[in-house]
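We number each residue from 1, following the sequence as shown.
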Amino acid sequence: MARYRILLIVLLAWALVMIVPDLLRVVQPLGAYGFSANNDGLIYDVTAPFDWKTDSPAWKAGIRKGDRLDLTRLECFPYDATSCGNALAVLGGQQFVLPERPVTLDLLATSDRPARQVTLVAETQPANPFERFVVALDQIAGILVVVAAAWLVWTRPGPMSWGFFLYVMWFKPGQVYAFYALLQQWPPVLLAQNGAECIAQAAGYMGLILFVLRAPNDQPDPKWRWLERALPAIGVVLALGLMTSYGRLFYCRTETGTRLAILSGFGVAISAVAILLERRRRLPPKDYQRLRWVIWGCLIGLPAFTIAELGSTTTFFSTPWGNYTPSDDILGLLYLVNGILCLFVFEAVRRERVVSVAIPLRRVTILGLTLSIPALLLHHEVENMQQHLAIPNWAWLVIGGGSLYLISRLHEVATHLTDRYFNRALDQVGTELGQAILKAEQPAEVDRLLADEPFRTLKLTSAAAFRRTGPVFRRNGSGNGWDVSATMTLSADEPMLAPLSKGEPFSVGEDDADEPRLPSGLSRPILAVPAANPLRCFAVALYGPHASGTDLDSNERAMLGRIAQDAAAVYAELENGDLCDRIATLESELSKLPSGAKRER
């Protein structure tokens with residue numbers, strides 16, 4: 001166990017070292033030559049990451065779209081530090097380097113231009129607050145995702161958590177441009193990093209498959225046992241295929257191989273989703289709902305990451321009808337979207353029971369809209385302001401901070417309004433049930449309304465109300481989902497009921513003691529709701545999950561808490577009325593006694 005934790009710490013440190021340096025890009029952007037060349041040496045763009053081609057060092061040096069680099073002068077074997085360093089800095093899509101880094105390139109002859117040699121000096125890439133904001137989000141999300149995956153391995157070691165960590169270690173939201181730009185100063189170290197990258201990517205793909213084969217309980221699936229055994233061999237083949245993309249360093253055109261390597265990852269993603277869809281049919285309801293989180297995370301995160309990889313490292317979107325490669329801003333947001341997969345998986349593995357996946361999907365959609373629409377508008381306005389106004393950098397930080405605050409407030413309001421819209425039926429049920437409880441004339445009727453109505457309207461697996469009688473809480477009705485073997489009384493001193501003193505709803509853990517005898521399986525209570533006022537607890541209602549296997553969400557828990565408060569008020573009023581009736585009866589009986597008997601009494 002100790003050696004596995006040491007390995008985990010080493011891999012976590014490596015993953016963080018790759019993404020943390022990019023946080024510096026928020027305050028100090030990297031440099032660029034202003035052109036992009038694929039792994040065949042074809043120059044397909046002479047503008048990005050600059051906004052205008054006239055600002056691009058490559059354009060100013062006479063490099064044009066369609067030119068080809070002489071790969072014979074960009075080799076790493078036989079090794080030459082300058083040649084190898086230049087190859088690592090300019091091939092494989094848009095590259096970022098340290099500002100003011102010089103490079104000398106040989107261009108092949110074309111139909112209208114002779115062979116020539118040009119020298120470029122990297123200039124700092126332009127970056128407005130929106131671009132820096134996206135970089136900051138990517139890096140923060142990347143750090144959180146990697147640490148969360150490592151935490152799962154640390155607390156729940158096993159093939160499933162290790163598989164997810166291996167996937168996240170490489171395929172994470174965080175970008176690694178600054179790390180690679182720093183390593184360009186030492187070509188042998190960067191070559192070693194590229195080799196480790198291929199192994200890490202292959203391990204990540206196989207880790208994803210291993211994860212989906214065992215999620216959510218880390219139990220092997222007999223039907224897919226053959227595939228689990230074959231994963232090491234498949235990983236070796238995939239790693240070798242990924243290494244062929246670096247054949248460009250040895251005078252080989254590898255653009256097609258690079259595309260196939262990335263698309264093979266897309267094939268792995270499709271296979272992962274297909275396996276999840278097949279396995280979900282054979283899982284119990286609780287695990288089925290957890291797996292739905294994983295499925296939706298894959299459906300959103302994996303395509304986003306694949307598109308971002310194709311757009312940033314290949315010419316896949318450069319077609320005869322135009323170049324449809326997404327901008328750096330969009331690519332950064334696509335990398336960020338991949339974090340949704342990690343978030344969904346983390347929650348599905350960490351929790352024994354999850355709420356309906358529709359709730360986080362709805363909130364993620366709202367977040368995406370409230371972030372992207374204002375941010376894109378801000379991006380264009382910032383470009384115009386940069387061209388016409390001389391605003392210092394510190395002012396951009398203030399503008400960016402203010403914009404972030406406004407966006408967060410917009411998201412908060414939008415989430416509130418959306419929740420109100422989708423919870424209209426639930427709010428109506430709560431209102432009607434509260435009114436019915438307030439009209440109850442007997443404690444038994446309140447018991448029934450606390451248990452039967454939520455059981456029916458929320459489609460729960462169990463519900464029962466225990467009313468206080470002296471030192472115990474007693475279940476006076478049969479209780480939905482509570483059979484004859486289940487307990488009829490709960491001691492007020494029961495450890496499970498310790499949070500009752502707070503007077504607020506609380507969860508009943510899966511690891512609570514078997515005594516008192518609670519319903520088992522899907523009918524086991526997961527929520528206790530006290531009907532209490534600040535001075536006394538009159539009853540406690542125990543509720544199971546939804547029949548579909550999902551947990552009670554925060555709005556449902558809040559509604560049950562509200563009706564329990566109404567029940568406490570009615571219990572107190574009925575108890576007070578009963579005491580008043582008894583006192584009145586005793587006074588009436590006392591008044592009928594003879595005077596002498598009264599004195600004796």
Side-chain angles (χ1 to χ4, degrees), residues 141 145 148 211-212 215-217 269 272-305 333 336-373 410-431 433 454-463 505 507 522 526-527 543-562:
V145 161
F211 170 78
V212 302
N217 291 322
V273 173
I275 293 171
L276 289 170
L277 292 174
E278 191 282 328
R279 290 190 60 234
R280 67 171 181 163
R281 305 171 185 170
R282 297 181 281 112
L283 293 176
K286 182 178 71 172
D287 293 337
Y288 166 79
Q289 296 297 339
R290 295 168 70 192
L291 205 64
R292 286 189 68 202
W293 278 59
V294 178
I295 291 171
W296 276 103
C298 289
L299 289 174
I300 296 172
L302 294 178
F305 187 89
L333 290 174
L336 185 62
V337 168
N338 183 53
I340 295 174
L341 162 62
C342 307
L343 171 64
F344 277 31
V345 168
F346 179 74
E347 288 297 306
V349 173
R350 183 175 68 92
R351 297 181 180 275
E352 291 292 331
R353 196 182 305 276
V354 294
V355 299
S356 172
V357 72
I359 295 174
L361 285 175
R362 185 169 70 229
R363 293 180 179 176
V364 165
T365 301
I366 296 170
L367 176 62
L369 291 175
T370 55
L371 177 64
S372 60
I373 295 176
L410 178 62
H411 173 255
E412 182 180 340
V413 172
T415 301
H416 175 70
L417 293 176
T418 305
D419 283 344
R420 285 188 58 184
Y421 175 80
F422 282 98
N423 290 318
R424 290 174 301 167
L426 179 65
D427 292 339
Q428 181 66 25
V429 168
T431 300
L433 188 52
F455 174 83
R456 179 182 61 82
T457 57
L458 299 181
K459 297 180 175 59
L460 305 180
T461 57
S462 65
S507 297
L522 195 61
I526 61 172
L527 180 68
Y543 300 103
H546 295 287
S548 63
T550 55
D551 197 356
L552 293 164
D553 63 52
S554 59
N555 293 297
E556 292 167 332
R557 292 173 181 244
M559 185 271 284
L560 294 173
R562 290 193 297 271

Provide the closest heavy-atom pair for Pro505 versus Leu527 in the form atom of the first, atom of the second, distance.
CB-CD1, 4.2 Å

Apply the test side-chain contact (heavy atoms from CB on, under 4.5 Å) to residues Leu276 and Phe211: give CA-CA distance (whole Å), side-chain angles for both, the deciding distance (0.1 Å), then the verdict.
CA-CA 10 Å; Leu276 289 170; Phe211 170 78; 5.8 Å; no

Look up atom CZ in Arg353 and atom CG in Asp287, then write down how far apart they are to the nearest 0.5 Å.
9.5 Å

For a 4.5 angstrom cut-off between non-hydrogen side-chain atoms, does Asp427 reach Arg562?
yes

Under a 4.0 Å threshold between the charged nitrogen and the carboxylate oxygen, would Arg557 count as salt-bridged to Asp551?
yes

Tell me the closest heavy-atom pair linking Leu291 and Ala215, and the distance in Å.
CD1-O, 3.8 Å

Heavy-atom distance under 4.5 Å between the side chains of Asn555 and Phe422, does that happen here?
no

Does the side chain of Leu460 come within less than 4.5 Å of Leu552's, by heavy atoms?
yes

Which pair of non-hydrogen atoms, one from Gly301 and one from Asn338, has the smallest distance, and what is that distance?
O-OD1, 3.3 Å

Quick check for you: to the nearest 0.5 Å, what is the distance between Ile359 atom CD1 and Thr550 atom OG1?
8.0 Å

Tell me the closest heavy-atom pair linking Leu522 and Ala547, and the distance in Å.
CD2-O, 3.7 Å

Going by heavy atoms in the side chains, are Trp293 and Val355 under 4.5 Å from each other?
yes

Does CZ in Arg282 sit with more than 12 non-hydrogen atoms of other residues, nucleotides or ligands closer than 6.0 Å?
yes

Hey, what do you get for CG (Leu361) to CG (Leu299), rounding to the nearest 0.5 Å?
9.5 Å

Tell me if a side-chain donor or acceptor on Arg424 pairs with a main-chain N or O of Tyr421 at a distance below 3.5 Å.
yes

Is any side-chain heavy atom of Met559 less than 4.5 Å from a side-chain heavy atom of Glu556?
no

Going by the rule ring pair (Phe, Tyr, Trp, His ring centres under 6.0 Å), which residues pair with Tyr288 if we only count those two or more places apart in sequence or in a different chain?
none

Taking the side chain as every heavy atom from C-beta outward, state whether Val354 and Pro360 have any pair of such atoms under 4.5 Å apart.
no

Residues 292-301 vs salt bridge (charged side-chain N to carboxylate O under 4.0 Å, His left out), sequence neighbours excluded, gives none

Side chains of His546 and Gln289: do they bring a donor and an acceptor to under 3.5 Å?
no

Applying side-chain contact (heavy atoms from CB on, under 4.5 Å) between Ile295 and each of Ile300, Leu277, Val212, report the one that passes.
Leu277

List the atom of Val349, the atom of Arg290, and the distance in Å for their closest heavy-atom pair.
O-NH2, 3.6 Å

Rounded to the nearest 0.5 Å, how far apart are NZ of Lys286 and OG1 of Thr461?
11.5 Å

Please report the shortest heavy-atom distance between Ala348 and Val294, naming the atom on each side.
CB-CG2, 3.9 Å

